[in-house]
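Heads up: the structure comes next, in structure tokens.
Throughout, a chain's letter reflects where its sequence line sits, starting with A, and its residues are numbered from 1.
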2 protein chains.
Amino acid sequence: MGHAESPRVKGVAVHPRRRVYRLSRERRVADIMDSARAVFCAKGYSDAVISEIAGQLGIVEGTIYRYFSTKRDLLVAVVEDWYRRILADYDEQLKGISGTRNRLRFLIWRHLKVIHDDPAMFRLVTGELRGGADYRTTSVFDMNRQYTKRTLAIVEDAVKSREFRADVPLRMVRDMIYGGAEHYTWAFLRGEGDFSPDTAADEIVGIIYRGLMGADMASNTGNGAVGAQAISRLESVARRLERVAESREPRRAGEKSRGQG
Amino acid sequence: MGHAESPRVKGVAVHPRRRVYRLSRERRVADIMDSARAVFCAKGYSDAVISEIAGQLGIVEGTIYRYFSTKRDLLVAVVEDWYRRILADYDEQLKGISGTRNRLRFLIWRHLKVIHDDPAMFRLVTGELRGGADYRTTSVFDMNRQYTKRTLAIVEDAVKSREFRADVPLRMVRDMIYGGAEHYTWAFLRGEGDFSPDTAADEIVGIIYRGLMGADMASNTGNGAVGAQAISRLESVARRLERVAESREPRRAGEKSRGQG
DNA sequence: GCACGATAATGAATTAAACTCATTAATGGG
DNA sequence: CCCATTAATGAGTTTAATTCATTATCGTGC
């Protein structure tokens, strides 16, 4: 760092700049975003430092501010770019899959796969971007909407075709799918252990599709078992009420048989 | 700032301090946490400024650092305190409720109620604290564990008593409940509109408990319309009776093996 | 009522990092 | 080979967290 013989202007040392190479706007922006992504992913948003992003490219902080007005602006750009790539072949792939269950499973699996493949980016979205006051104005917000809209559509179709019951709360189903996936992967996102997108997808689809109710009721999935679930449940409630009644009125102990057809 | 007649020491102006009142450590800590909570909630963590927290109390920034080593430390303390209060009467209340469905619904409803009543604090937990690298070392982590453990236990019991099928993926159920609740309330947390904890709780419990499977078909259709309608009515009666019965049933003790049909 | 030691509180100084801007100079079209 | 355009610089400026040596209040024992 010794600039002992630097030229001087008005008595102040002036460092001769090393040869500076200029890039096109597009190229520089792309480079900065690459570098930013690496640093953001490695350190997280708040611990990432602009000077490091610049340093990696051999440029100066000010240069970054020529292209991105704030650090957050840079984050948004990086995330948008990532999201765009993810959504690129989304519909194309979905087109090749048919059947409610398969389509649903694919969307869920794909989401889990994204988390699994790029946990750091996912953390940026959920941990930093989504919480910001300006999130709604972000195109990430819109893209996410697009992203989950497909899920809603599939469930809606299933309702229309009577595969699902009529009173399904669509939005809640969607939120339980994506919220469940997110919570489920937290440990992994924190760097603890691993998870299987396949297993997780199966579990989620299973819960959503078949429901949690006792095995004796949910024998099959088709529309064949009309009311079977409901009847089964009524039977179990009846049994229970019998027990309660018995315990409260011992003398009139239930003579009714327990078996039903 | 003309301090023309301030006393001088070594030629430097010395501002005479106004009378300073000292509080006990406990009291000061409590005051700081109150003020911090207010500011954190109003501005969010990163936009909150220590000097404002201090200013509200008529003290100086340095004083806060006597009790909290970092801004984040202060955040953690505030959240811990909040969480502790929430968990205070948790088990007590839960004790008074019996029946899988009711207990599950209560836990979910209570969670949603907390979000509804104190969205800003909830945002601090999810947006700032949970993402931090040190989250696991926080007692908030442990408390959260306690918090969701109850849910897991209820589902587990239901599996044991065969009310739920045997292959229920416990953890995923828990994650879908809490993750679903969180996603569902985002818009509200961002300050857009409102939501009903009751409705949301019903929806979540409904999906988890009965499942999404379309065996019902009650709403439309010709084939079986009569039966479906009757079943629907019986179901609602059953639900009501069940609630009454559960409130009278002595704990869960009587939940022994159930005849398979 | 007073000295005094423990410690609450100060306020000025120090970093650290985001962000600004006047200036410099590479580049490509004429 | 100009020279206008504009990429890039680097030296600030600002804001906010954090540190610390110093000051002075308050409870306690005499």
Side-chain angles (χ1 to χ4, degrees), chain A residues 1 3 6-32 35-36 39-40 43-77 128 132, chain B residues 1 3 6-32 35-36 39-40 43-77 128 132:
Chain A
M1 292 275 184
H3 288 283
S6 297
R8 281 175 175 265
V9 175
K10 295 183 187 176
V12 173
V14 170
H15 299 184
R17 289 205 281 206
R18 59 163 169 56
R19 166 79 196 212
V20 168
Y21 296 95
R22 295 166 51 163
L23 300 182
S24 69
R25 181 182 189 85
E26 295 70 40
R27 184 62 200 275
R28 187 56 90 195
V29 166
D31 283 359
I32 291 173
S35 178
V39 175
F40 282 148
K43 311 245 177 126
Y45 179 69
S46 49
D47 285 345
V49 169
I50 297 288
S51 62
E52 183 177 348
I53 295 170
Q56 277 192 1
L57 298 171
I59 61 177
V60 127
E61 291 171 71
T63 301
I64 288 178
Y65 283 96
R66 250 187 73 76
Y67 301 104
F68 300 94
S69 59
T70 66
K71 184 182 173 187
R72 180 151 231 276
D73 193 43
L74 178 53
L75 171 71
V76 170
E128 305 295 341
Chain B
M1 309 227 178
H3 287 282
S6 295
R8 279 171 178 267
V9 174
K10 294 181 187 177
V12 174
V14 170
H15 299 183
R17 289 205 282 206
R18 58 159 171 59
R19 165 80 194 211
V20 168
Y21 296 95
R22 296 166 49 162
L23 300 183
S24 68
R25 181 181 190 86
E26 295 71 38
R27 185 60 200 276
R28 188 55 91 195
V29 166
D31 284 359
I32 291 172
S35 178
V39 175
F40 282 149
K43 311 244 176 127
Y45 178 69
S46 49
D47 286 345
V49 170
I50 297 289
S51 62
E52 184 177 349
I53 296 170
Q56 278 192 359
L57 298 171
I59 61 177
V60 129
E61 292 170 72
T63 301
I64 288 178
Y65 283 95
R66 249 188 74 77
Y67 302 103
F68 300 94
S69 60
T70 66
K71 185 183 173 186
R72 180 153 230 277
D73 193 43
L74 178 53
L75 172 71
V76 170
E128 304 297 342

Could you tell me whether the side chain of R66(A) has a donor or acceptor atom within less than 3.5 Å of a complementary atom in the base of dT6(D)?
no
In whole Å, I'd like the distance from the [atom1] atom of [X] to the [atom2] atom of [N].
X      : N       : atom1 : atom2 : result
E26(A) : dA7(D)  : CD    : C1'   : 12 Å
R27(A) : dT6(D)  : CZ    : P     : 20 Å
L75(B) : dA17(D) : CG    : C1'   : 15 Å
I32(A) : dA8(D)  : CD1   : C1'   : 10 Å
R28(B) : dT10(C) : CZ    : P     : 7 Å
I64(B) : dC20(D) : CD1   : C1'   : 17 Å
E61(A) : dA18(C) : CD    : P     : 7 Å
L23(A) : dA26(C) : CG    : C1'   : 11 Å

Describe the nucleic acid contact of [X] in one word from base, sugar-phosphate, nothing, applying a heavy-atom distance below 4.0 Å.
X      : result
V49(B) : sugar-phosphate
F68(B) : nothing
A48(A) : sugar-phosphate
T70(A) : sugar-phosphate

Checking dA7(D), dG11(C), dC26(D) against the side chain of R19(B) (C-beta onward), the nearest is dC26(D)
At less than 4.0 Å, is any side-chain N or O atom of [X] found next to OP1 or OP2 of [N]? Yes or no.
X      : N       : result
Y21(A) : dT27(C) : no
Y65(A) : dC19(C) : yes
T63(A) : dT9(D)  : yes

What distance do F40(B) atom CZ and K71(B) atom NZ have between them, rounded to the nearest 0.5 Å?
6.0 Å
The reported gap from CD1 in I64(B) to CD1 in I59(B) (rounded to nearest 0.5 angstrom) is 5.0 Å
Between L74(B) and Y67(B), is there a side-chain heavy-atom distance shorter than 4.5 Å?
no
Decide yes or no for K43(A) and E52(A): does some side-chain heavy atom of the first lie under 4.5 Å from some side-chain heavy atom of the second?
yes
In a check of side chain to side chain contact (heavy atoms under 4.5 Å, CB included) between L23(A) and each of L57(A), I32(A), D31(A), which one passes?
D31(A)
